[in-house]
Amino acid sequence: MNRYSLNQATTKYWPLEDVVAASAKAELEWIGLWREPIQEYGVEKAAKLVADAGLKVSSLCRGGFFTATDPAERQAKIEDNRRAIDEAATVGTDVLVLVSGGIPKGSRDIDGARGMIRDGLAELAPYAEERGVKLAIEALHPMFASDRCVVSSLQGALDLAEHFPASQVGVIVDAYHLWWDADVYRQIARAGERIVSYQVSDWTVPLPVDNLLGRGMMGDGVIELRRLREACDDAGYTGPIEVEIFNQELWDAPGQKVFDLAYARYQEHVV
């Protein structure tokens with residue numbers, strides 16, 4: 001259980017102070033943070049809150065969204081990613097999660113979009129390394145390729161990451177996005193030291209109208225979460241495991257109830 005980390009997105013409407021307090025009371029070591037709520041709270045203030053509670057930050061989400069055809073828009077995205085890197089360093093995590101971006105509006109050039117991601121990584125990777133932060137490419141399920149992320153497999157994420165030193169660019173193994181891929185276990189073994197996070201939730205059907213909110217609580221779906229965890233272990237990953245669930249029903253439930261359920265289901269289905 002010393003690897004367990006509740007990503008605050010799982011309890012989206014629960015105040016940061018309450019998430020931190022519950023994690024500390026449960027004697028957890030880790031917590032996963034998101035940029036928007038810590039910006040609202042105050043990044044340095046959030047860093048102190050977490051540190052004073054004896055917690056460490058497993059990751060900060062999210063940077064990325066590199067894909068833009070307008071030069072000014074593209075430069076603005078690069079600058080926002082620099083701020084994200086600085087925020088990650090401030091809260092004390094070495095993992096900045098990247099949702100890399102979909103196909104630019106008006107375009108059908110998916111290869112060109114992937115090229116924009118590679119160029120964005122090249123511009124930012126040295127800056128991130130100077131601040132002790134790794135850029136972590138998260139492959140998303142193919143249903144998000146058009147609008148959120150044209151990197152749709154762990155193989156694709158690794159193909160991008162391997163243009164850069166492992167000290168600069170790593171990959172996320174997110175069970176929800178990767179469980180379906182027949183090649184995922186071979187790619188996890190290939191990833192090795194580039195794995196910087198394993199994230200868990202479950203795949204349930206039917207999906208909601210907003211498929212972004214289709215993640216289920218561990219044990220409510222079909223994903224072999226323990227098998228994926230063991231594969232990451234075998235590849236050499238020993239870091240924190242984040243519970244990250246986007247689900248409106250869970251968001252609307254009392255935060256402590258969701259916290260307790262996630263903790264129990266993690267022990268049952270992941271450990």
Side-chain angles (χ1 to χ4, degrees), residues 3 5 7 29-36 38-39 43-44 46-48 50-51 55-68 71 73-101 113-140 149-151 153-174 187-199 232 235-242 244:
R3 301 175 69 185
S5 176
N7 187 295
E29 295 186 18
W30 301 95
I31 187 171
L33 300 179
W34 273 67
R35 292 184 68 197
E36 291 83 0
I38 69 164
Q39 288 170 349
V43 176
E44 292 185 358
K48 185 177 187 304
V50 171
L55 297 168
K56 297 173 287 186
V57 180
S58 50
S59 74
L60 179 66
C61 194
R62 60 192 175 182
F65 291 100
F66 296 111
T67 54
E73 181 183 0
R74 180 166 176 75
Q75 187 56 40
K77 291 176 182 290
I78 293 295
E79 292 307 314
D80 184 62
N81 275 278
R82 290 186 192 276
R83 288 191 292 273
I85 291 165
D86 292 340
E87 290 164 4
T90 298
V91 298
T93 183
D94 60 353
V95 177
L96 175 63
V97 180
L98 301 180
V99 176
S100 299
R114 291 176 178 136
M116 292 176 185
I117 295 167
R118 184 175 61 249
D119 292 345
L121 291 168
E123 188 162 353
L124 291 166
Y127 183 85
E129 186 174 29
E130 288 174 3
R131 283 148 185 81
V133 176
K134 289 185 181 180
L135 304 177
I137 304 171
E138 181 176 10
L140 269 58
C149 188
V150 294
V151 183
S153 67
L154 187 55
Q155 177 180 349
L158 287 167
D159 288 347
L160 280 168
E162 287 175 353
H163 287 281
F164 309 95
S167 60
Q168 295 180 348
V169 181
V171 296
I172 306 287
V173 177
D174 187 313
Q187 296 300 326
I188 288 173
R190 170 192 171 192
E193 65 176 334
R194 288 192 185 269
I195 300 173
V196 294
S197 180
Y198 175 44
Q199 296 182 336
C232 291
Y237 180 66
T238 60
I241 299 171
E242 288 190 1
E244 184 189 63

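Throughout, residue positions are numbered sequentially from 1 according to the sequence presented. Bear in mind the structure is a predicted one, so any value in this text is a computation, not a measurement.
Between Asp94 and Val133, every side-chain heavy-atom pair lies at or beyond the 4.5 Å cut-off. Counting only heavy atoms from C-beta outward, the side chains of Lys77 and Phe66 never approach each other to under 4.5 Å. For the pair Ile31/Asn7, no side-chain contact is recorded, criterion being any heavy-atom separation below 4.5 Å from C-beta on. Side-chain atoms of Leu160 and Val151, non-hydrogen and from C-beta on, do get closer than 4.5 Å to each other. The shortest side-chain heavy-atom distance between Glu87 and Gln39 falls under the 4.5 Å cut-off. The side-chain heavy atoms of Val171 and Leu154, taken from C-beta on, include a pair separated by under 4.5 Å.
Within a 6.0 Å radius of CD in Glu193, other residues, nucleotides and ligands contribute 12 heavy atoms or fewer. Open room surrounds CD on Glu44; 12 or fewer heavy atoms of other groups in view lie less than 6.0 Å from it.
Ile78 and Gly120 get closest at one heavy-atom pair: CD1-CA, 4.0 Å. Of all heavy-atom pairs between Arg194 and Leu158, the closest is CD-CD2, 4.2 Å. Closest approach of Glu138 to Glu244, counting heavy atoms only: OE2-OE1, 4.3 Å. Looking at every heavy atom in both residues, Gln168 comes nearest to Pro126 through NE2-CA, 4.1 Å. Residues Gln199 and Asp174 approach most closely at OE1-OD2, 3.0 Å, considering heavy atoms. Of all the heavy atoms in Val99 and Cys149, the pair that sits closest is CG1-CB, 4.4 Å.
Distance OH/Tyr237 to CD1/Ile188: 12.0 Å, rounded to 0.5 Å. Atom-to-atom distance recorded for Phe65:CZ and Ile117:CD1 is 10.5 Å, nearest 0.5 angstrom. With rounding to the nearest 0.5 angstrom, the CG atom of Leu140 is 11.5 Å from the OG atom of Ser153. Considering CD1 of Ile195 and OG1 of Thr238, their distance stands at 10.5 Å, rounded to 0.5 Å.
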| field | Verdict with reasoning, Leu121 to Asp119, per side chain to side chain contact (heavy atoms under 4.5 Å, CB included) | value | CA-CA 5 Å; Leu121 291 168; Asp119 292 345; over 6 Å; no
| task | Carefully, step by step, assess Glu162 and Arg190 under the rule salt bridge (Lys or Arg N to Asp or Glu O under 4.0 Å). | result | CA-CA 11 Å; Glu162 287 175 353; Arg190 170 192 171 192; 2.9 Å; yes
| task | I would like to know whether Ile137 and Ile172 meet side chain to side chain contact (heavy atoms under 4.5 Å, CB included); could you show each step before the answer? | result | CA-CA 6 Å; Ile137 304 171; Ile172 306 287; over 6 Å; no
| said: Set out, in order, the CA-CA distance, both residues' side-chain angles and the distance that settles side chain to side chain contact (heavy atoms under 4.5 Å, CB included) for Arg118 and Arg114, then state yes or no. | reply: CA-CA 6 Å; Arg118 184 175 61 249; Arg114 291 176 178 136; 5.7 Å; no
| Candidate pair Val91 and Val43, rule side chain to side chain contact (heavy atoms under 4.5 Å, CB included), full reasoning | CA-CA 7 Å; Val91 298; Val43 176; 4.1 Å; yes
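Side chain of Arg3 to main chain of Ile241: no donor-acceptor pair is present (N/O by atom type, distance under 3.5 Å, no hydrogens or angles). A donor-acceptor pair under 3.5 Å is formed between the side chain of Thr93 and the backbone N or O of Val57. Of the possible polar contacts, none joining the Arg131 side chain to the Ile85 backbone as a donor-acceptor pair under 3.5 Å is found.
With 3.5 Å as the limit, one finds no donor-acceptor pair spanning the side chains of Ser197 and Glu242.
Using a 4.0 Å cut-off between a side-chain N of Lys or Arg and a carboxylate O of Asp or Glu, Asp80 and Arg35 qualify as a salt bridge.
Geometric assessment of Arg82 against the ring of Tyr127 yields a positive cation-pi assignment under the 6.0 Å and 45° thresholds.
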